[in-house]
Amino acid sequence: MGCLLRPDFCERPAPEVAPDLLGWELWGDDGALRARVVEVEAYTESDPASHSHRGRTRRNEAMYGPPGSLYVYFVYGMHWCANVVCGSEGVGEAVLLRAVAPLTGRSTMAMRRGRTANSLDLCNGPAKLCQSFGMDGSHDGSTLCGGGMFDLRRGPGGLGPVAKGPRVGISRAREVPWRWYVTGDPHVSR
DNA sequence: TAAAAGATCCCCT
DNA sequence: GGGGATCTTTTAT
């Protein structure tokens with residue numbers, strides 16, 4: 001069910017990969033958790049807002065790993081955020097998963113989130129989706145192309161129109177329009 | 001060595 | 001709409 005992500009799909013500039021990831025499905029817990037990607041943002045080395053802009057550090061090391069792997073980082077003292085690593089190995093690019101729309105496993109997500117299963121507030125933010133899926137620093141660098149705790153699979157298509165605009169929550173390069181989202185989807189973060 | 005900022009979220013008003 | 005939580009990384013002194 002669903003064609004698995006392949007590294008070569010991600011071995012392109014993040015701003016090219018990002019809109020192409022909309023409509024893909026994030027799977028976790030051996031397929032018990034599934035959600036459709038509805039909002040993403042791109043980050044590159046030349047981008048002042050990117051963690052990789054000032055070169056490699058212990059924190060951003062996974063951004064330079066193989067395309068199709070995860071970059072998971074800790075922020076604001078309490079939250080995890082997940083990215084799909086893009087570009088060739090050795091290049092620091094990634095696509096932030098900002099929001100996904102739950103398909104299956106809502107009860108597990110709700111328990112982890114401290115919400116009810118019918119809530120719209122399960123995966124509508126980068127830290128929320130990590131909490132719902134149980135993603136944290138232990139998954140930093142792991143693959144999304146099969147065999148790991150999480151993977152991405154091509155969805156059935158039929159997405160609505162896609163919009164593009166400035167990224168959320170950054171202070172530098174505010175004007176760069178590298179956020180893409182499914183117009184009108186209630187699970188988009190804003 | 002100290003201070004500030006940070007790819008967020010939650011609860012209050 | 002606004003501020004606090006909470007701590008790692010980055011930047012300033």
Side-chain angles (χ1 to χ4, degrees), chain A residues 10 13-22 24 26 35 37-65 67 69-87 91-102 106 109-142 144 150 152 162-182 185-190:
Chain A
C10 298
E16 286 184 25
V17 177
D20 289 351
L21 282 175
L22 294 175
W24 283 66
L26 177 65
V37 178
V38 295
E39 182 183 359
V40 294
E41 289 178 355
Y43 292 87
T44 70
E45 290 180 3
S46 62
D47 165 21
S50 173
H51 291 167
S52 60
H53 186 57
R54 292 164 204 277
R56 289 190 191 232
T57 63
R58 165 117 95 267
R59 176 209 215 184
N60 67 21
E61 182 60 30
M63 281 186 90
Y64 298 82
S69 54
L70 270 173
Y71 166 45
V72 185
Y73 68 89
F74 189 59
V75 73
Y76 290 118
M78 65 188 89
H79 298 304
W80 296 98
C81 294
N83 297 251
V84 181
V85 174
C86 295
V91 176
E93 301 199 8
V95 172
L96 173 69
L97 298 176
R98 270 202 67 84
V100 297
R106 301 187 70 105
M109 297 178 186
M111 185 178 309
R112 287 173 171 158
R113 287 275 303 127
R115 293 291 185 276
T116 54
N118 64 350
S119 173
L120 284 174
D121 203 29
L122 298 178
C123 299
N124 60 337
K128 296 180 191 178
L129 73 88
C130 281
Q131 189 177 17
S132 280
F133 274 78
M135 275 184 183
D136 59 35
S138 68
H139 307 108
D140 188 40
S142 68
L144 288 166
F150 305 97
L152 281 170
V162 169
K164 167 179 140 174
R167 294 168 293 182
V168 176
I170 56 172
S171 63
R172 292 173 290 198
R174 304 268 296 256
E175 73 287 355
V176 175
W178 282 356
R179 168 179 178 248
W180 291 265
Y181 57 99
V182 178
D185 191 298
H187 300 94
V188 168
S189 68
R190 60 177 65 178

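In what follows, chains carry the letters A, B, and so on, assigned in the order in which the sequence lines appear, proteins first and then strands, with residues in each chain numbered from 1.
Two residues are said to be in side-chain contact when any heavy atoms from C-beta on lie closer than 4.5 Å; A:Ser119 and A:Met109 fail this criterion.
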How would nucleotides 7-13 of chain C be written as a contact map, 5' to 3', with B for base contact, S for sugar-phosphate-only contact and - for no contact, using protein heavy atoms under 4.0 Å? B--SS--
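By the side-chain contact (heavy atoms from CB on, under 4.5 Å) test, A:Glu16 is found to be paired with A:Arg12, A:Pro13, residues two or more places apart in sequence or in another chain being considered. With sequence neighbours excluded, no residue forms a salt bridge (charged side-chain N to carboxylate O under 4.0 Å, His left out) with A:Arg190. For A:Asp140, there are no salt bridge (charged side-chain N to carboxylate O under 4.0 Å, His left out) partners at least two apart in sequence or on another chain. Remark: A:Arg59 pairs with no residue by the salt bridge (charged side-chain N to carboxylate O under 4.0 Å, His left out) rule, at least two apart or across chains. Scored by the side-chain contact (heavy atoms from CB on, under 4.5 Å) test, A:Ala18 finds A:Val40, A:Ala42, A:Val95, A:Trp180 as partners (sequence neighbours excluded). Partners of A:Arg106 under the salt bridge (charged side-chain N to carboxylate O under 4.0 Å, His left out) rule, at least two apart in sequence or in another chain, do not exist in this structure.
The stretch residues 92-101 of chain A touches DNA chain B through A:Leu96, A:Arg98, each having a heavy atom under 4.0 angstrom from the strand.
For A:Ser171, the side-chain atoms get nearest to B:dG6 when compared with the rest of B:dG6, B:dC10, B:dT8. Closest to the A:Ala127 side chain, of the nucleotides B:dG6, B:dC9, B:dA7, is B:dC9.
Counting to the nearest Å, the P atom of B:dC9 and the CG atom of A:Leu120 are 15 Å from each other. Counting to the nearest Å, the C1' atom of B:dT8 and the CD atom of A:Gln131 are 11 Å from each other. To the nearest angstrom, C1' of C:dG4 lies 11 Å from NE2 of A:His79. The interatomic distance linking A:Arg174 (CZ) with B:dA7 (P) rounds to 12 Å, in whole Å. We find that NZ of A:Lys128 is positioned 18 Å from P of B:dA7, with the value rounded to whole Å.
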Between side-chain atoms of residues 79-87 of chain A and protein atoms elsewhere (two or more places apart, or another chain), which donor-acceptor pairs fall under 3.5 Å?
from, atom 1, to, atom 2, distance (Å)
A:Asn83, OD1, A:Leu96, N, 3.4
A:Asn83, ND2, A:Tyr71, O, 3.2

Residues 169-176 of chain A, side-chain donor-acceptor partners within the protein, below 3.5 Å, at least two apart:
from, atom 1, to, atom 2, distance (Å)
A:Arg172, NE, A:Pro48, O, 3.3
A:Arg174, NE, A:Ile170, O, 3.4

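Backbone-only contact: A:Asp121 has heavy atoms under 4.0 Å from sugar-phosphate atoms and none from a base. When heavy atoms are screened at a 4.0 angstrom cut-off, A:Arg113 is found touching the sugar-phosphate backbone but no base atom.
Side-chain atoms of A:Ser50 come within 3.5 Å of backbone N or O of A:Thr44 as a donor-acceptor pair.
For residues 126-138 of chain A, the set of pairs meeting the side-chain hydrogen bond (donor to acceptor under 3.5 Å, both in side chains) definition, not counting sequence neighbours, comprises A:Arg113-A:Gln131, A:Asp121-A:Lys128, A:Asn124-A:Lys128, A:Asp136-A:Ser138.
For DNA chain C, if you chain together Watson-Crick or G-U pairs that step i with j, i+1 with j-1 and so on, the runs of at least three with distances under 3.5 Å are B:1-6 with C:7-12, B:8-12 with C:1-5.
Taking atom P on both C:dG1 and B:dA7, the two are 23 Å apart, rounded to the nearest angstrom. Spacing of P atoms, B:dA5 relative to C:dG3, comes out at 15 Å, to the nearest Å.
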